[in-house]
Structure formats: structure tokens, C-alpha cells
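Data first, discussion second: the structure below is written as C-alpha cells.
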Amino acid sequence: PPRDTLKLFATAVFALERDGISQPGKQLVLIRGWKTSTLLVKNGEFSEPELAAIKTFCRARSFDLGYYPGMSASEANRYNILEQPYFFEGAQALLGNQRQDFFERYKFNVMPASDDKPYFFHFFKWRVLPEILSLKGRGGLPLLEWGYPLLVATLAQALLASLVLIIVPLWVIESRRDKTTAPEISRMRVAWYFLAIGLAFMFVEIAFIQKFILFLSHPLYAVAVVLCSFLIFAGLGSRFSKNLEQKTRSLPFWTVVWVVLAICLVAVVYLAVLPMVFKQFIGLPDAAKIAISVVLIAPLAFPMGMPFPLALSSVAGRSVQLVPWAWGVNACASVVGAILATLLAIHLGFTVVVIAALAFYILAAAAFPLSNPVKSQSTFTRMGTHG
């Protein structure tokens, strides 16, 4: 059954409906040849002379009509004959009241793509996998979009490797610790904290790379500008965090709480404001848009660089041997977070990814590794921009 053509048709239907068109079917025409399809979207309804011209064009070149306003089933599937008129039936379902039922029962994912969920070529459904694998002897494997299963397999691999790289060093630390003394700090709280900020940092970073693609008009520009800006300003925030802690003269826990609140506030404002900003300035030259992007990223990235060194300083003052382990937990979270953020974006959208990141930051603040400090000289680490 067709995939990309029906997904394109569904995207056009949803776009027209979002713009307030009550009958989008009157502004759409779909024709197809042997291997190609053409979707016409008009700013207004198609007239009878226009439809007559389209029919004449198709008859003269043996193109099939997939859909036009008022089309009957007998007009479909005439030249390049399929087992059933998939295109016509799909178009009718996407314009009808049973649209959601069609999405659920169709063999491929043809839900419309959007700026928030831009993965147009994600057609994979788990329930169809056994059927496709059963057709491998007859050339059915090209129907399988390998990208999604490989992404899931990569996540499983990263999770397994992370568990090994986190648990084994902890076991070594525990085996070397003097059992006669009480632990200076909760290992579980340290793990949850550095895991949460690692996931949160990557979630925000990846989500905003995608959002700035819309503004900078090219993925390479977005990756270069957003990634570079996040690392630079998060690094500056990491360096400034020591001064912040000294100036506020508050416990590290409360400093982290205020930093997390700042991150949440800026991120929520950006979710609402960025589309309007992009619309206002999208016509500017590339150099101007890059400068605006850097200015926009700075207020978010700067506080995102603070939670890591603030907590690492607290851990170093209580249990120096846990410092490299905390680094390791955060590094593993960064790897897992990059994959997990993509999977969440495919299914739920990048807005949900940002909201999940803020939830992780709040979880990190709640899990801040507090205990009675030991009487030793505090060590402050100024590195680490992954949270």
C-alpha cells in the first residue's frame, strides 16, 4: 500500500484545516503515474474548467486520478492498476469522519507531519513487522524502514552499556569503602541528579536544534549555530556558577533550585514566543538570523551550564571518590538522552521533549545530593556543560 503520497495528502488536509478551511477536499487534486504522484493544492476551490483540464491531461498521458472534488470510485485505478484503489480510498478516508480509524488500521504510519513532529518518512508500525519479515523471500524487506528499528536497538544498546559503566564502578567504589564509617553522601541521589541533568540538557539541546531549523532554513546551519551557542554559553554559565554561589551565600541546594526555575521560565516563554519571533525575522539575511539565534539561545544556555558544577562541588566536598563516577553517570545520560529525545520527538513531538526536559530538571533539584558535609576542603570543578 502507498505511504508517502497518502502522508503528503494527510499533511495537506491538516494544514488547510488549521488555516480555517472547512472543506479542504475542494482545494485538493491528486494524480499518479506508474511511479510518481502529484498533489495539487489550490488557494481556493478548483473550478469545473480546471477539473476538466486535469482529466484531459490524465487521459492523454495515462495518468490515474487519485482524487478530485466530486470524483466517483469508478474513475480510479484505470491505467496503472493496483490490487485496489488505495489512493482514492485513502483520500476519501482522510477527508471523512473515520480519519482516526483509518490511521490506526492502515498498515503504515501516514499521520501528517508537522513542525513539531517533522519526521515525514516515519512510516513504521510494529504490528506490521512480522508481515514484512515473512515477505523477505519475495523481496519484501525494502518495505521496512530500518531507521526506526535501528534507533530502538541503539537505545537498548546504550542503556545496557550505561548500566554496566555505572554499576560496575559503583561496585568497585563500595568494595573499597571503609565499612566502619557511614557514607558521606547518598549514592542514589548522586546518580539520580547527574542522570536527570544529563537527560535534560540533551533534550533541550536537540529540541532547540530542530526548532531553529525552521528559522535558519537549513539543518547544517541549525546544528552548527545552536550546538556551538549552547556549549559556549553553558560553559560560561558553568564558570559563573561559583561566583553565583558565593554572592548569594545560600546553600548549593537553593542555588540549584533558583537556577532550575530560571531554566524552566525561559524555556516555557520560548515555546510560546519563538514562533512569533521567527515569523517576524525569517526574511532577514543569514548572517542576521545567525546573530539573532545566538542572542536567543544565550539566556537559556547560560543557566543550563550551572547545575552540573554546583552539584559536583557539593559531591567533591563530601566524597571525592564519587566525582569521577558522577561524571560517568552524566556522560552515559547524555548518550542515552540524544537517542531517547529523538524517539520521543517522533511519537510525541519536540514540545513534549522540552517539557520532559524541564521535568528532569525539577527532578534533579529534588534529588540534589545533600547530607552533612565532612570537614574537608571544598573542591570546585568549573567544567561540564552537559547540564
Side-chain angles (χ1 to χ4, degrees), residues 8 11-21 24 27 41-44 112-122 200-240 259-306 337-338 341-342 344-346 348-358 361 385-387:
L8 181 63
T11 302
V13 171
F14 272 69
L16 290 170
E17 289 179 343
R18 189 186 60 184
D19 284 349
I21 306 300
Q27 299 181 207
V41 185
K42 185 182 178 182
N43 185 16
S114 66
D115 289 340
D116 196 46
K117 292 192 283 187
Y119 297 96
F120 182 84
F121 293 100
H122 173 60
F201 191 96
M202 293 306 296
F203 276 28
V204 172
E205 194 173 53
I206 289 176
F208 277 86
I209 286 175
Q210 171 58 36
K211 289 185 178 297
F212 275 84
I213 289 177
L214 304 174
F215 184 53
L216 297 173
S217 305
H218 199 287
L220 288 179
Y221 290 170
V223 171
V225 173
V226 176
L227 187 61
C228 181
S229 299
F230 263 105
L231 294 179
I232 289 175
F233 289 104
L236 292 174
S238 178
R239 175 64 182 86
F240 180 76
V259 168
V260 167
L261 288 176
I263 295 171
C264 293
L265 177 62
V266 175
V268 170
V269 170
Y270 275 13
L271 287 177
V273 171
L274 280 184
M276 294 182 286
V277 174
F278 291 167
K279 185 176 181 180
Q280 183 70 28
F281 297 107
I282 198 167
L284 295 177
D286 288 341
K289 290 194 293 184
I290 289 172
I292 291 172
S293 299
V294 173
V295 171
L296 288 172
I297 292 167
L300 178 61
F302 188 79
M304 285 174 58
M306 297 182 184
T342 305
L344 288 177
I346 289 173
L348 303 175
F350 281 102
T351 299
V352 173
V353 172
V354 174
I355 294 173
L358 303 186
Y361 271 122
T385 56
H386 288 295

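These numbers were taken from a predicted model, which means no experiment stands behind them.
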Which heavy atom of Met276 sits nearest a heavy atom of Ala272, and at what distance? CE-O, 3.5 Å
Residues in side chain to side chain contact (heavy atoms under 4.5 Å, CB included) with Tyr119, at least two apart? His122, Thr342, Ala345, Ile346, Phe350
Give the minimum heavy-atom separation between Pro303 and Ala298, together with the two atoms involved. CD-O, 4.4 Å
Report the residues that fulfil salt bridge (Lys or Arg N to Asp or Glu O under 4.0 Å) with Lys279, sequence neighbours left out, ordered by chain and then residue number. none
What one should report as the nearest heavy-atom pair of Val353 and Ala341 is CG2-O, 3.6 Å
Considering non-hydrogen atoms only, spot the tightest contact between Met202 and Ala338 and give its length. CE-CB, 3.9 Å
Without placing hydrogens or testing angles, list every side-chain donor-acceptor pair under 3.5 Å for residues 209-236, not counting sequence neighbours.
residue : atom : partner : partner atom : Å
His218  : ND1  : Leu220  : N            : 3.1
Ser229  : OG   : Val225  : O            : 2.7

Approximate separation, where rounding is to 0.5 Å, of Phe120 CZ and Ser114 OG: 12.0 Å
Heavy-atom pair with the smallest gap, counting every atom of Ile21 and Gln27: CG2-OE1, 3.4 Å
Could you tell me which residues satisfy side-chain hydrogen bond (donor to acceptor under 3.5 Å, both in side chains) with Asp116, sequence neighbours excluded, listed by chain and number? Thr351
Determine whether Leu300 and Tyr270 satisfy the following criterion, side-chain contact (heavy atoms from CB on, under 4.5 Å), listing intermediate values before the conclusion. CA-CA 9 Å; Leu300 178 61; Tyr270 275 13; 4.3 Å; yes
Please identify each residue that fulfils side chain to side chain contact (heavy atoms under 4.5 Å, CB included) with Val41, with sequence neighbours left out. Ala12, Leu16, Leu28, Leu39
side-chain hydrogen bond (donor to acceptor under 3.5 Å, both in side chains) pairs touching residues 11-20, sequence neighbours excluded, are Glu17-Arg99
Using the side chain to side chain contact (heavy atoms under 4.5 Å, CB included) criterion, which residues pair with Ala15? Sequence neighbours excluded. none
For Ala357 versus Val204, what's the shortest heavy-atom pair and its separation? CB-CG2, 3.4 Å
Just wondering, do Ile297 and Phe208 contact through their side chains at under 4.5 Å, heavy atoms? no
Just checking Phe201 against Tyr361, ring centres under 6.0 Å apart? no
Val268 vs Leu358, side-chain contact (heavy atoms from CB on, under 4.5 Å): CA-CA, chis, key distance, verdict: CA-CA 9 Å; Val268 170; Leu358 303 186; 3.8 Å; yes
Which residues pass the side chain to side chain contact (heavy atoms under 4.5 Å, CB included) test with Val352, not counting sequence neighbours? Leu348
